[in-house]
Amino acid sequence: MTYVLKEIVDVVKNGNDIDSTCELVSKGISEKRLTFLQFVESLEEILTSTDKEIRLNGVKAFVAVLKKLPLDFFQPEELDFINQFLCERFIDHHSFVPIVLIGIEYTVQMKNITKQMIVRYFNTIMPHFHCQSQLQNDRNTFYCILQYIFLNRLDDLRFMGPDFLYFIISSMDGERDPNNLILLFRILPQFLRHYPLGHLAEETFDVIACYFPIDFYETEESKITRDELATSLSRCLTCVEEFADFCIPLALQKLEASLKVAKLDSLHLLKLCCESFDPIKIKNHIEEIWRILKMIIMTDTEDSADEIREAAIGVLTALLYSLTIIKGDNEQEQLSDFLDIVLKSSNRFLLDTQATLFIPSIKLLCSVGKTSNYASLKIANKVYLILLNKSDVSQTEIIRIIEAMGLITNMCIQMSIDLSSIPGLETRWEEVCCYFLLYAQNELPEIKMSALKALKISTKILTNSQRTNYYCILIKLIESDTTDSIRKETLSCFKEAATYFKEEVNREIIQFNLNIFNQSNDIVLKSKWLNALCCLGKEEYFFTLISDNLCANLSEKQAETKITLRCLRDLVRNVENINLVHHFALNGGLLNFILTTWINGIKSCADFSIFRNEIILEDVSFVTNSIVKVINNSEQIQILNQFSQYFNDIMNTKINFKTLSDTQQGIHSYMVILLESILNSLNTNIKLNNVILLIENCIELSTYSNNSICSLSASRLTATLINKYIDGDENDFLIDNFKLHLESCLNLSNFNNVIIQISWITKSLSLKGHRKMLQWIDWSLSLLADPLYGKVMTQCFKMLTQTDDGYLNKECFCSVKLLYRQRIFCYVIEPLISKYNTSPESVKENYLISILYQMDGNTYVTLSPYFSKILPLLLQLLSPEQVYVLQSLQTFRNLLESKTPVLEDYLQSFVPKLLNLSQSSKYMNIRIVALQCLYNCCDYSLIKLLPLKRQVISELAKCLDDKKRLVRKEVVRTKSRWLSIDVVNDDD
Amino acid sequence: MGLDNENPTLFEKSEERTVSEKDLDDNEAEEFDSREIFDLIRGITDPEHPLSLEELRVVDQSLIEVEDSINTVKVLFTPTIPHCSMATLIGLSIKVRLLWCLPPRFKISVTITPGTHASEHAINKQLDDKERVAAALENTHLSTVLNKCISTA
C-alpha cells in the first residue's frame, strides 16, 4: 500500500489527478492498511516547499483525504493537530482560504471536535477573513460552516459576546447572491433567537432590513423564487422581540410605496409582526397601522388591489387576535380601545347607506368581528342599532340596509352569537328578522331579492312565529308569477329551510298545499309546486314524497305529463340529486313506473298525445338514460333482465318491416326509442344476446320508419351497438354486409334515413378507430359528389367533428379513441379541397360546407399543415357575392379568436376584404361578423398591425353611420380597440 | 390620498338595451337616439374611482339631446361635487369618446349641467374649443389618463 504514498508526492507536485489518488489513500486509511500519520509524513516535502503552488496542492490533497474519512474517525488528540494545521494554513496565503474553508466545514462536523478547537478556528478566521471579498462559492462554504455552528455548537461561542455577532453581521453585510441570501435568511433566525444581541440589535436589524422589500427577478434557470426569499426574509425580521421597534416602522414606511409587491410584502411583514411580537409593542403603533390599513381596505382606487386588500384584512385580523391576548388589569381594555377607533372611523361611512364605502366598511367590520366574540358583540350592537334606527329611508337605501344587516347577521351566526345576547338589542333583536320578512313582501323585485338573501342567511335564527310567517311568504312567492331570479332565490330559501326544519316544512308548506294543488286543474300552479318539490332532491327525508308526486302527475294528461317530465329532466341533470336518482332506480321506483307505463302505453296504442308525442318521448328517453347511466353494474343488469322481455320482438326475432301491419310498424318504431334509452348507457361488460340480430333490426327500423325521431333513435342505437359490441377481425364481414345492405337501400324513396344511418355508422367506426372506418369515410366522400344524396351527406362531416352530450361518448361506455377527430380531418381535408376545385358547380357547395364543418371542429394545431391550401379558399369566400360568406366568416372568426398564428402573415390580404365586407354587404349579420373578425385581428403583434391602423380607422369611420344600430355598436367596439392598439399602459 | 370626493354616492346601473325584432330586421333603419349616445359614454371610468360615470350619475340619459336629422348631439354632465377638479377631464373624455364613435356629420357639444359646478363657464368654454381639445390629446400624460378612462366604455 505504501506505493501509493510514494506516488502521491509526484502526483501532488504536478497537481494532476489529485482526487483519484487521494481516494485510494483515504480508502487505505479507513481500512487500516495505512495511517493518517504516514500519509501526512509522506507529504512533508510538499507541505514545507517554498513554492506556494506546491504547498497549495499539498493542502488540497490533505483536505481531499480528510473529506473521504468518516466523521468519527479521529480521536480528539489527532483532531487537535489537524485543527492547528488548518488554522495555520488559513493565514498562510490568501489563495489557501477556499480550500481550508472546505476542510473546516468538514472538520467542525466531526464527532470528537471540542470547544477549544472551534474557538481556535474562529479566533483565526475572525481577524483574517473578509467574507465579501471572496468568491460566491467560498462565501457559500463559509455560510455552511455558520449553519452547522448555529445549529449545534452555538453555546461554545457564546462567551465571545458582541464580537462574534459583529463578525457575523459584517461578513454578511452587502451579500448579493440570491443563493447565499436564501441560505442566510434561513439560518439567521436560529442564531438571532439564541444569541444575545445587546447593543448591536439595531445594527443587526439594519443589515438584514436593507434587503426589504426583496427586489429579485426570477429567470428560467434560477432555482429560488422571489416569494421564497421574501418569506424567509420576513421571518428573519420578526424572529426576535428586540426587532419590534424597528420592524413595524419599516413595514409601515414601505407600505406607502407604489409598487404592488412592496405593498404586499409589507403587509405580510406587518402580519408576521402582529403574530410574533409582544402585543404591548404592537399597541404603541396601533393608530398608525390602522390609519394605513383603513386607507387600503376602504379607499384604494386600483382595480387590481383585491389581493392587497385581502392581505390588509389579514393584517387587521392578526392585529385583533394579538390584542385579544393582552392580559392586564382589565382584559378587554386594549381591544376595546382599538375597536372604538375602528368604529369611530367607520361611523361616518355607515351613516350614508348610498355612498360607495357603505358596504365595504360593513364588510371590514365583519372581518374585524370574526376575530373574537367580544368584537363581534360590540360591532353587532353598533351596526344593528344604527341601521334599525334609520327612518324615512328611500327604496335604494332599503336594499343596502338589508344587505348590510344580512352580512352582520351572518357574522353573528358564524361566531355563534345569539342575537338576544347583544347588549342594547335584548328587546329589539326580533326586529332584525322582522325587517327582512317585511321587505320580502315588498313590491319591488330588487328589495324582495335582497330580503330573501338575508332571510336565507338567517333561517336558523328565526323564531317560531317568524317561521310561520316566513313559510306563508314562501308559499305565496312559490305560487306567484315572478322573475326568474326571484324564483331561484325563493327556491334556494325553501331548500335552506327544508335543510334545518324538515318536519315543519313538510307539514306547513308541502302537505298543506299538496292536496290543494293535486286536485286543482291549474297547470301553471302545478308546475310551480313540482319545481319547488324537485329542488329538495338532496334531502333523503323527501325522497318518497318527490317520487310519489312525480308519478302521480305522469301519464294522465298531456300537459301535466310534459311539465312533470321537464321537472324530472332538470332534477336528474343536477349532480346534487345523485342519491335521489339512485332512489328512482330502486325496484318499484320511478324508473320502473315510467318504463312500465310507456311500454304498456305504446303497445296498447293508448292515448297518442301522451305515449307517442315526440317531446314527451324525448324527455322520457333522456330521463331513463340519465338514471341508467348513474346506477351500478348489478342494478343495470337487473333493469335489463326485468324489461328485456317486453322488447322480445325487436331483440330476438328478425323484423321485416314492410310485411308488418300498420299497428305493428308503429309499435316497433316507438318501442325502439325506449329500448335505446335503456341500452345506450349500459356497461360493456353486460353481454347482450343476439346483438347482430338486434343491429340488423335497428337498421331495418331506421331505414323504413316514417317517423324521424324513431328513425334517428334506431340509427343511433345501431351506432352505439356497433361501437360497443362489434370487435375483432372475424366480424369485419358483418360491417361489409351492413354496407352492402345500405347500398342497396339507397335507391328507396326514403334515402334520407339511409344516409343518416350511414353517417352514424361511420361516426361509430371512426370513434373506435375500427379497421373499416376509412372504407366508410371514403364511401361518404364519394356520396358527396351525388347531386341527390350530397346535400344530406354533408351532415355526416358535421357529425364527425361534434361530440354529443348523451350519446356515443365515454360516459356511455363507448370506446372513443384519442384524437380521432384530428385523424379524420387529416384524412378527409385534402380530398375535400381537391374535389372542391375540380367538381361541377352543382355539387361544389357540398364539399365547401363539409370543409367548413371540419375546420370548425378542429383547432389550429390540426389545421396548420393544411393551412396554405385552405387559406386561398377562405379568402376567395370573403367577398360580398359569395353565398357562403357568412358561414366562412364565422369559421374565420373562430380561427382569429383562437389567435391562429399563421394568419398573422396574411393580415394585409384579408383586412381590406373584411373592411369591404363590413361596408358593402347587404346583410347586417355579415357586417357584424366581419367587424368581429377585425376586432379579433388586434390580438396579433403590434408590428404587423401598425401599418394597417390608419387605413382601418378611416374605413371604419365610414361604417359609423350604418343604418343598423347593432352594426354601429360593433363598429364602435372595433374602432376603439384599433385606436388603442398602440396605447402605452402604465404597467409597461 | 387627496381625493376630491372620497366617498361618493352610488347609483344603480340601468339594464342593457333590449334588442327588439325590429333591430334584427335588415330592412329597417334606426336613427341615433339619446339611449345610444348614453350607451357610448356610460361606461367611461371616473378618473378618481374605479366607478363608471353612470354609477356616479355624472351622465344621465335624460340630459342627452340628439337630433339625427339636423346632425346635433348635446350632452350635459353633472360633476359629483361643485368644486370637482376633475370636471374638465371628465368632460374631455366624454367629448373625445363621442368624437371617435359618432359619424363625422354630427356637431357634438359637451357642457356642464347649469348650476352644478363652481367654474362651469370656464370649463364649458374649454371643452368647446377645438384647438384646446386637440392640444390636450397631444399631451402624453393627459392622453394616457384619457385612454384609461375611455378604455372601459
Side-chain angles (χ1 to χ4, degrees), chain A residues 256 295-296 298-305 348-349 351-361 395-397 399-400 446 921-928 953-954 956-969 971-980 982-986 988, chain B residues 1-3 5-12 16-17 19-20 22-33 35-37 39-41 43 45-51 55-57 68 71 80 96-106 140-141 143-148 150-153:
Chain A
E256 314 228 350
M295 216 147 70
I296 294 175
M298 301 214 284
T299 60
D300 212 303
T301 52
E302 290 293 317
D303 273 348
S304 59
R348 112 190 127 90
F349 301 122
L351 294 178
D352 184 2
T353 49
Q354 262 185 296
T356 331
L357 296 178
F358 176 69
I359 293 293
S361 50
Q395 287 180 323
T396 38
E397 280 180 273
I399 299 175
R400 283 158 168 273
E446 289 85 11
S921 172
K922 272 186 287 180
Y923 304 100
M924 60 182 289
N925 283 337
I926 295 183
R927 296 201 296 274
I928 289 178
I953 297 215
S954 75
L956 283 178
K958 293 179 196 160
C959 308
L960 280 173
D961 219 355
D962 200 285
K963 64 173 183 174
K964 297 305 295 178
R965 186 174 293 130
L966 290 173
V967 181
R968 294 200 291 258
K969 197 173 157 193
V971 182
V972 166
R973 189 171 87 110
T974 311
K975 193 179 168 201
S976 309
R977 175 105 195 253
W978 272 90
L979 276 169
S980 62
D982 50 353
V983 168
V984 187
N985 290 328
D986 288 350
D988 306 337
Chain B
M1 308 249 280
L3 295 182
N5 186 2
E6 185 190 27
N7 189 17
T9 309
L10 265 185
F11 296 89
E12 291 293 309
E16 285 289 314
R17 184 176 200 150
V19 177
S20 65
K22 200 180 143 207
D23 288 337
L24 298 171
D25 186 348
D26 257 313
N27 302 317
E28 299 277 349
E30 292 106 28
E31 292 195 336
F32 282 87
D33 59 10
R35 177 64 208 244
E36 186 168 352
I37 307 296
D39 279 340
L40 286 176
I41 55 178
T45 319
D46 181 277
E48 268 190 351
H49 303 276
L51 297 167
E55 282 171 292
L56 299 168
R57 205 151 301 168
D68 200 343
N71 300 332
T80 51
V96 171
R97 171 77 177 162
L98 291 180
L99 281 174
W100 282 351
C101 301
L102 285 178
R105 63 183 167 96
F106 280 103
T140 334
H141 173 66
S143 67
T144 317
V145 181
L146 269 181
N147 274 318
K148 212 171 162 189
I150 295 181
S151 63
T152 53

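First the proteins, then the strands, lettered A, B, ... as listed; each starts at 1. Note that these values count all heavy atoms, side chains included, but never hydrogens, waters or copies made by symmetry. Values in this document were obtained by computation on a predicted structure and should not be read as measured data.
- Annotation: K969(A), atom NZ; neighbour count of heavy atoms from other residues, nucleotides and ligands within 6.0 Å does not exceed 12.
- Among the candidates D25(B), D26(B), T140(B), L102(B), the residue making the largest number of heavy-atom pairs closer than 4.5 Å to chain A is D26(B).
- Contacts with chain B were tallied for K958(A), R968(A), K922(A); R968(A) has the most, counting heavy-atom pairs under 4.5 Å.
- Interface remark: R400(A) contributes side-chain atoms only to the contact with chain B (heavy atom separation under 4.5 Å).
- With a 4.5 angstrom heavy-atom cutoff, L51(B) touches chain A only via side-chain atoms.
- For the options D33(B), I150(B), T45(B), L56(B), heavy-atom pairs under 4.5 Å to chain A are most numerous at D33(B).
- Looking only at side-chain heavy atoms (C-beta outward), N147(B) and L979(A) stay at 4.5 Å or farther from each other.
- The distance from atom CG of N27(B) to atom CE of M924(A), rounded to the nearest 0.5 Å, is 11.0 Å.
- For E31(B), the part sitting under 4.5 Å from any heavy atom of chain A is the backbone (N, CA, C, O) and nothing else.
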Practice task
Begin from the C-alpha positions of V972(A) and R97(B) and carry the test side chain to side chain contact (heavy atoms under 4.5 Å, CB included) through to its verdict.
Solution key: CA-CA 10 Å; V972(A) 166; R97(B) 171 77 177 162; 3.4 Å; yes
Handout entry: Evaluation steps, side chain to side chain contact (heavy atoms under 4.5 Å, CB included), between N925(A) and L24(B)
Key = CA-CA 9 Å; N925(A) 283 337; L24(B) 298 171; 5.8 Å; no
Exercise for the section: Could you walk me through whether D961(A) and F32(B) pass the side chain to side chain contact (heavy atoms under 4.5 Å, CB included) test, one step at a time? Expected result: CA-CA 9 Å; D961(A) 219 355; F32(B) 282 87; 3.7 Å; yes
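- The distance from the CZ atom of R965(A) to the CG atom of D23(B) is 6.0 Å, given to the nearest 0.5 Å.
- For L40(B), the part lying under 4.5 angstrom from a heavy atom of chain A is the side chain only.
- At a threshold of 4.0 Å, the pair E30(B)-K964(A) counts as salt-bridged, since one of the basic side-chain nitrogens sits closer than that to a carboxylate oxygen.
- R973(A) does not touch chain B: none of its heavy atoms, backbone or side chain, sits under 4.5 Å away.
- When every heavy atom of A957(A) is checked against every heavy atom of P104(B), the shortest pair comes out as O-CD, 4.5 Å.
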